[in-house]
There are 2 protein chains.
Amino acid sequence: MSRRPGPEWVKRERFVMARKSTAVDPLRLDNQICFAVYSATHAFNRVYKPLLDRLGLTYPQYLVMLVLWERDDVPVKEIGEKLFLDSGTLTPLLKRLEAAHLVRRTRSREDERQVLIALTPQGHALKEKARSVPQSILAASDCSVSELLAMKDEIVALRDRLNAVIGE
Amino acid sequence: MSRRPGPEWVKRERFVMARKSTAVDPLRLDNQICFAVYSATHAFNRVYKPLLDRLGLTYPQYLVMLVLWERDDVPVKEIGEKLFLDSGTLTPLLKRLEAAHLVRRTRSREDERQVLIALTPQGHALKEKARSVPQSILAASDCSVSELLAMKDEIVALRDRLNAVIGE
DNA sequence: GGACATTCAATTGCGAACAATTAAATGTGA
DNA sequence: TCACATTTAATTGTTCGCAATTGAATGTCC
């Protein structure tokens, strides 16, 4: 136990120092959860791409359609709040969805500042074609539903804590 | 216990149906882990923004600098492999870093196809100013290091499974 | 009612992100 | 050596994402 303390101690010290300079270095790429999240977003995007191509949607457009499939005739503002996006992103995106005949954009009669987004019949119909998407993603995740839901809850909690800091 | 089974049964059935049509609906926005990851990425970006503004970097530029601070004189290809980005993204980004005098771009002498990215003295020096960034992010996360590392490992594992599917 | 602030969407400009293509350098096989 | 494929960056075009600004509609206070 206490034999040869010198060399072993030196070895362990080197190991600790090596870890400090690489494995636990807070500036090291592999240690950053934000990069994990960032790169996972892109990985999801690449898996979604071929599935959404068949629907004629990009991923952010798909998110907007998810919102509208839950509730129709929604002001731009509300879509932005649900997706954490602003009008600078949504206005051109919604115009593209309108050009694709999936939504209509109309000024609210009660409040002329608001633009209400409503699904067209084609927009409604697209929901049926979209039903197979989530299970394809689930298969690609190669993970149980319960594991994914648990991860989702953790990530949402982290996101909400981050968003809380933004408002100061 | 067994009294009034009719009304209670009906009520529970309604509850189950309600859950099926909303809480467990796979097309529902709140159930999608991909949206959790997507929105967490944006939340991280918004927290990073003011910190990186002081360094004169965007978040993707910061990622490239993290790579270069670990190892200098790296071909574009290798940066792309580490960050999961292609030349279409990296070429203009690296030109902006070059315009900011943080990196130099030189053709490899052994293989003229490769462009090697090396830090300038200013690029090296910026690492010191960047040291405070991770702990600011940690504080904003309002979470223990061990929890974050555990989440990171889960997300990386998910990302790698997704990326494995891309290659088919 | 009138001056003022607020809200909401649109716009502009910049920086990613990626598909698809191009062009040059390198590798391979006959 | 020559034809051909492969590798590597760069380029082009489209779509996000956001900061900052604009302009119109609404709300508020006196």
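Below, chain A is the first sequence line, B the second, and so on; all start at residue 1.
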Where the side chain of [X] is concerned, which of [options] is the nearest nucleotide?
X      : options                : value
B/K95  : C/dC18, D/dA19, D/dT11 : D/dT11
B/P60  : C/dA9, C/dA16, D/dC16  : C/dA16
A/S87  : C/dA16, C/dA19, C/dT11 : C/dT11
B/D86  : C/dA16, D/dA9, C/dA19  : C/dA19
A/L93  : D/dT26, D/dA9, D/dC16  : D/dC16
B/R113 : D/dA9, C/dC18, D/dT7   : D/dT7
B/L85  : C/dA17, C/dA9, D/dG17  : C/dA17
B/Q61  : D/dA9, D/dT7, C/dG15   : C/dG15
A/H42  : C/dC18, D/dC18, C/dT26 : C/dC18
B/E112 : C/dT26, D/dA9, C/dA10  : C/dT26

Does [N] have OP1 or OP2 under 4.0 Å away from a side-chain N or O of [X]?
X     : N      : value
B/Y59 : D/dG17 : no
B/R46 : D/dG17 : no
B/T91 : D/dA9  : no

Using the ring of each side chain (for Trp, its six-membered ring), is A/Y38 parallel, tilted or perpendicular to B/Y59, with breaks at 30° and 60°?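 Aromatic pair A/Y38/B/Y59 classed perpendicular.
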Report the distance from atom [atom1] of [X] to atom [atom2] of [N], rounded to the nearest whole Å.
X      : N      : atom1 : atom2 : value
A/N45  : D/dT15 : CG    : C1'   : 11 Å
A/L90  : D/dG17 : CG    : P     : 9 Å
A/R109 : C/dC8  : CZ    : C1'   : 18 Å
A/D111 : D/dA25 : CG    : P     : 10 Å
A/Q114 : C/dA10 : CD    : C1'   : 15 Å
B/K77  : D/dT6  : NZ    : C1'   : 11 Å
A/R105 : C/dT11 : CZ    : C1'   : 13 Å
B/R96  : C/dA17 : CZ    : P     : 10 Å

Find which nucleotide of DNA chain D each of B/E81 and B/G88 is nearest to by heavy atoms, and output the residue with the more 5' nucleotide.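 Result: B/E81.
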Which comes earlier along DNA chain C counting from the 5' end, the contact point of A/E78 or that of B/T58, where each point is its nearest nucleotide?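 The residue mapped nearer the 5' terminus is A/E78.
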Taking for each residue the nucleotide of DNA chain C with the nearest heavy atom, is it A/A43 or A/L94 whose nucleotide lies nearer the 5' end?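 The residue mapped nearer the 5' terminus is A/L94.
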Kindly compute the distance separating [atom1] ([X]) from [atom2] ([Y]), expressed to the nearest 0.5 Å.
X      : Y      : atom1 : atom2 : answer
A/R96  : A/Q61  : CZ    : CD    : 6.5 Å
A/H101 : A/T120 : NE2   : OG1   : 9.0 Å
B/L148 : A/I33  : CG    : CD1   : 5.0 Å

Taking every non-hydrogen atom, the tightest pair across A/V67 and B/L29: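 Taking every non-hydrogen atom into account, CG2-CD2, 4.0 Å.
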With distance as the sole criterion, is a donor-acceptor pair present between the side chains of A/R159 and B/S39 under 3.5 Å?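 Yes.
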Check every strand shown and say whether B/P92 touches a base, only sugar-phosphate, or nothing at a heavy-atom separation below 4.0 Å.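 The residue B/P92 makes no contact with any strand.
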